[in-house]
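Have a look at the structure below, then the notes.
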Amino acid sequence: MSSFSSKEHAAPFTLEYRVFLKNEKEQYISPFHDVLIYADKHIFHMVVEAPHWSNAKKEIRKLRYVANLFPYTGYICNYGAIPQTWEDPGHNDKRTGCCGDNDPIDVCEIGSKVCARGEILRVKVLGILAMTDEGETGWKIIAINVDDPDAANYNDIYDVKWLKPA
């Protein structure tokens, strides 16, 4: 998105590695506090934490690495989070039987572009998936970048099943 830019500091895969975001005035901003949830009506902002096929996940709060899942290397989508959201660790979800994971709500962006770590996307929600890990619920929003060439063909999770069968 043109009103935000990102700047990397230090070498990837080191503890010193950082990604800094800037607004249109070239001021450093917080990806959690300064990027709005909504980009437009029914369109959300997404902060890319792990580009498609990447193993390094620069979370809004920390750096993590994910294991490969053969035959794939890294994330099979652009993975990130919706800013200004939070999964309450004190709220027990009736559907999963677990409390929130104390992180922003995750997004799996299925578009064709491999995005940059720290990039801010405008995404359209197609569906949602609840996952549990170590007794915590983590909601995963399935979305597509509204600027993706195929975005107009995707309106809900059934379009994903039809257009991108497993």
Side-chain angles (χ1 to χ4, degrees), residues 1-22 29-32 34-40 42-85 87 101 103-133 137-166:
M1 175 176 232
S2 61
S3 62
F4 297 101
S5 63
S6 62
K7 180 180 179 180
E8 295 179 296
H9 173 76
F13 309 106
T14 66
L15 294 175
E16 294 78 27
Y17 179 74
R18 303 284 186 273
V19 177
F20 296 99
L21 295 182
K22 290 184 175 184
I29 61 169
S30 163
F32 184 78
D34 298 326
V35 179
L36 299 176
I37 295 172
Y38 289 101
D40 204 346
H42 306 296
I43 304 297
F44 292 86
H45 279 125
M46 170 192 172
V47 179
V48 176
E49 297 172 330
H52 197 69
W53 306 127
S54 170
N55 286 70
K57 180 181 178 192
K58 179 61 183 115
E59 293 183 346
I60 288 176
R61 295 193 282 175
K62 62 186 173 195
L63 179 63
R64 267 184 33 179
Y65 296 94
V66 296
N68 293 327
L69 182 61
F70 183 81
Y72 304 105
T73 301
Y75 284 91
I76 61 170
C77 61
N78 291 302
Y79 193 87
I82 295 179
Q84 299 185 16
T85 61
E87 301 201 45
D101 66 3
D103 282 327
I105 297 173
D106 296 319
V107 181
C108 301
E109 192 276 324
I110 64 166
S112 57
K113 178 184 173 193
V114 176
C115 296
R117 192 171 288 105
E119 190 172 348
I120 309 295
L121 305 180
R122 296 176 308 129
V123 297
K124 174 172 50 170
V125 174
L126 305 172
I128 190 162
L129 173 68
M131 297 184 76
T132 57
D133 185 19
T137 299
W139 289 95
K140 313 297 180 197
I141 292 183
I142 312 303
I144 190 162
N145 183 346
V146 296
D147 295 324
D148 190 273
D150 291 329
N153 298 324
Y154 291 89
N155 296 299
D156 58 38
I157 202 66
Y158 300 105
D159 293 333
V160 176
K161 187 175 180 179
W162 177 256
L163 297 168
K164 288 192 180 213

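All of these numbers come straight from a predicted model, not from anything done at the bench.
- Applying side chain to side chain contact (heavy atoms under 4.5 Å, CB included) to I141 and the options T85, V125, L126, V123 leaves one that passes, V125.
- Side chain of H9 to main chain of Y17: no donor-acceptor pair is present (N/O by atom type, distance under 3.5 Å, no hydrogens or angles).
- Separating the NZ atom in K113 from the CD atom in E119 is a distance of 3.5 Å, to the nearest 0.5 Å.
- Not a single donor-acceptor pair under 3.5 Å links the side chain of D148 to the backbone N or O of G111.
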Quiz prompt | Chi angles and distances behind the side chain to side chain contact (heavy atoms under 4.5 Å, CB included) call for K124, N155 | solution = CA-CA 8 Å; K124 174 172 50 170; N155 296 299; 3.5 Å; yes
Exercise. Please report the C-alpha distance between D103 and E87 in whole Å, then the side-chain angles of each, then the deciding distance to 0.1 Å, and finally whether the side chain to side chain contact (heavy atoms under 4.5 Å, CB included) criterion is met.
Key: CA-CA 6 Å; D103 282 327; E87 301 201 45; 5.7 Å; no
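- No side-chain donor-acceptor contact under 3.5 Å links E109 to the backbone of G80.
- Side-chain atoms of R117 and P51, non-hydrogen and from C-beta on, do get closer than 4.5 Å to each other.
- For the atom pair S54 OG and E49 CD, the distance stands at 11.5 Å (nearest 0.5 Å).
- Of the listed residues (L36, V146, I82), just one forms a side chain to side chain contact (heavy atoms under 4.5 Å, CB included) with F44, and that residue is I82.
- For K22, the side chain to side chain contact (heavy atoms under 4.5 Å, CB included) test picks out S5, E26, Y28, with sequence neighbours left out.
- Using a 4.5 Å heavy-atom threshold, the side chains of I29 and F20 count as separate.
- Here the closest heavy-atom approach between residue P104 and residue A81 is recorded as CB-CB, 3.8 Å.
- Screening I105, I37, D34 for a side chain to side chain contact (heavy atoms under 4.5 Å, CB included) with Q84, the sole residue that qualifies is I37.
- Ionic pairing of D147 and R122 is present here: one or more N-O contacts between side-chain nitrogen and carboxylate oxygen are shorter than 4.0 angstrom.
- A donor-acceptor distance shorter than 3.5 angstrom exists from the side chain of D156 to the backbone of D159, with no hydrogens or angles considered.
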